[in-house]
Amino acid sequence: MPSRVKGAASLRRTLKRLPEASREELADTMNVIAFRLLGKAKAEVPVRTGKLRGLLSAKVLVSSLTMKLGLVGKRAQRQGFYGYILDQGRKAQTVMAKRRNRATGTVSSYSLRVKGIARTRYNFVFGRVKDFRQNELPRLRDALERVLGRAARGE
């Protein structure tokens with residue numbers, strides 16, 4: 001997906017041409033940031049059984065210098081799908097539910113009102129974007145300037 005930021009594609013090309021040591025330095029900085037954000041996300045997640053908290057993880061890909069936070073991986077996404085609903089929110093609605101009678105085997109349908117969940121109520125993963133921009137972006141910018149400065153000097 002192309003970025004809306006001017007010069008982002010040029011920066012990505014430059015980052016791909018960096019030496020491996022510079023990439024590792026940026027990845028280390030991103031790892032520190034990712035795990036701090038993960039700690040805050042785990043602290044803010046609503047806990048009933050603790051399963052959703054256990055499924056939250058963070059991952060930094062060194063080759064592309066991208067950071068992932070939340071339900072990373074297919075297994076975590078499948079098992080914690082309701083966490084995404086809690087984090088993203090849900091509109092109130094009336095749905096048709098079905099109930100099976102075990103003794104007779106008949107199925108009965110009834111309408112069920114589902115309460116809405118405000119998008120801002122549980123902001124444990126999506127809320128980290130604002131936190132990242134306010135608190136962690138300067139740290140990442142400093143590391144990037146350090147690495148690009150060394151590359152410009154030919155070190």
Side-chain angles (χ1 to χ4, degrees), residues 1-16 18 20 23-144:
M1 183 171 109
S3 178
R4 293 179 291 181
V5 178
K6 189 174 183 178
S10 171
L11 178 63
R12 282 199 179 278
R13 282 192 301 273
T14 305
L15 290 175
K16 285 185 183 202
L18 286 176
E20 192 62 33
R23 278 186 124 85
E24 289 291 331
E25 182 181 343
L26 281 174
D28 289 343
T29 304
M30 290 175 76
N31 259 325
V32 169
I33 292 169
F35 285 103
R36 191 197 73 79
L37 293 174
L38 177 63
K40 288 203 60 151
K42 284 187 173 190
E44 292 180 9
V45 71
V47 178
R48 215 176 248 185
T49 63
K51 185 176 183 179
L52 183 58
R53 180 182 284 167
L55 290 173
L56 289 179
S57 63
K59 187 175 186 178
V60 174
L61 304 173
V62 179
S63 60
S64 60
L65 290 174
T66 55
M67 180 180 359
K68 296 181 179 185
L69 175 70
L71 299 171
V72 179
K74 288 283 189 190
R75 179 181 163 269
Q77 289 171 4
R78 286 185 183 128
Q79 290 183 347
F81 75 97
Y82 194 67
Y84 181 81
I85 294 170
L86 289 175
D87 204 26
Q88 182 65 30
R90 173 184 67 199
K91 67 179 185 176
Q93 54 193 329
T94 303
V95 296
M96 289 302 293
K98 293 180 182 178
R99 178 175 288 147
R100 182 180 304 274
N101 187 336
R102 289 185 184 186
T104 62
T106 58
V107 178
S108 60
S109 296
Y110 59 97
S111 48
L112 176 70
R113 287 189 176 189
V114 179
K115 291 182 180 179
I117 300 173
R119 180 174 260 176
T120 56
R121 182 168 180 193
Y122 304 107
N123 238 354
F124 52 94
V125 173
F126 293 126
R128 299 300 70 152
V129 174
K130 185 177 178 185
D131 183 22
F132 172 78
R133 286 187 183 137
Q134 288 177 346
N135 303 319
E136 302 300 336
L137 199 56
R139 180 186 299 179
L140 186 60
R141 191 172 283 136
D142 289 343
L144 186 61

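Keep in mind the model is a prediction, meaning the values are calculated, not measured. We count residues from 1, following the sequence as given.
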Working note: Asp28 + Val32, criterion side-chain contact (heavy atoms from CB on, under 4.5 Å); need CA distance, chi angles, decisive distance, verdict. CA-CA 6 Å; Asp28 289 343; Val32 169; 5.8 Å; no
CZ (Arg23) and NZ (Lys16) are apart, to the nearest 0.5 Å, by 7.5 Å
Nearest 0.5 Å please: distance from the CD atom of Gln79 over to the CD atom of Gln77. 11.5 Å
Closest contact, heavy atoms only, Lys98 versus Ser109: CG-OG, 3.8 Å
Taking C-beta and beyond as the side chain, do Val60 and Thr66 meet within less than 4.5 Å on heavy atoms? no
Between Leu55 and Arg75, is any pair of side-chain heavy atoms under 4.5 Å apart? yes
Taking all non-hydrogen atoms of both residues into account, name the closest pair between Ala58 and Phe35 and its distance. O-CZ, 4.0 Å
For the NZ atom of Lys6 and the CG atom of Leu11, what is their distance to the nearest 0.5 Å? 15.0 Å
Any Leu71 side-chain heavy atom under 4.5 Å of Leu52 side chain: yes
From CG (Leu112) to CD (Gln93), nearest 0.5 Å: 10.0 Å
List the atom of Ala27, the atom of Leu65, and the distance in Å for their closest heavy-atom pair. N-CD2, 4.1 Å
List the steps, then state whether side-chain contact (heavy atoms from CB on, under 4.5 Å) holds for Asp131 with Arg36. CA-CA 11 Å; Asp131 183 22; Arg36 191 197 73 79; 3.1 Å; yes
CD1 of Ile117 to NZ of Lys91, rounded to nearest 0.5 Å, is 14.0 Å
Between Arg12 and Ser64, the two heavy atoms sitting closest are NH1-O, 3.8 Å
Given the side-chain rings of Tyr84 and Phe126, with only the six-membered ring counted for Trp, is the space between their centroids under 6.0 Å? yes
Greater than 12 external heavy atoms within 6.0 Å of Phe81's CZ: no
Evaluate side-chain contact (heavy atoms from CB on, under 4.5 Å) for Leu144 paired with Leu15, printing each intermediate quantity in order. CA-CA 9 Å; Leu144 186 61; Leu15 290 175; 3.6 Å; yes
Salt-bridge criterion met for Asp87 and Arg128 (N-O under 4.0 Å): no
I'd like to know if the side chain of Arg53 and the backbone of Lys42 have a donor-acceptor N/O pair within less than 3.5 Å. yes
Got a donor-acceptor contact below 3.5 angstrom from the Arg78 side chain to the Gly73 backbone? no
For the student: nearest non-hydrogen atoms of Asn123 and Arg119, plus distance: OD1-O, 3.8 Å
To the nearest 0.5 angstrom, please state how far the CG atom of Leu38 sits from the CG atom of Asn31. 11.0 Å
Yes or no on side-chain contact (heavy atoms from CB on, under 4.5 Å) for Leu140 and Phe132, after CA distance, side-chain angles and deciding distance? CA-CA 10 Å; Leu140 186 60; Phe132 172 78; 3.9 Å; yes
Looking at Thr94 and Ser111, what are the two nearest heavy atoms and their distance? CG2-CB, 3.9 Å
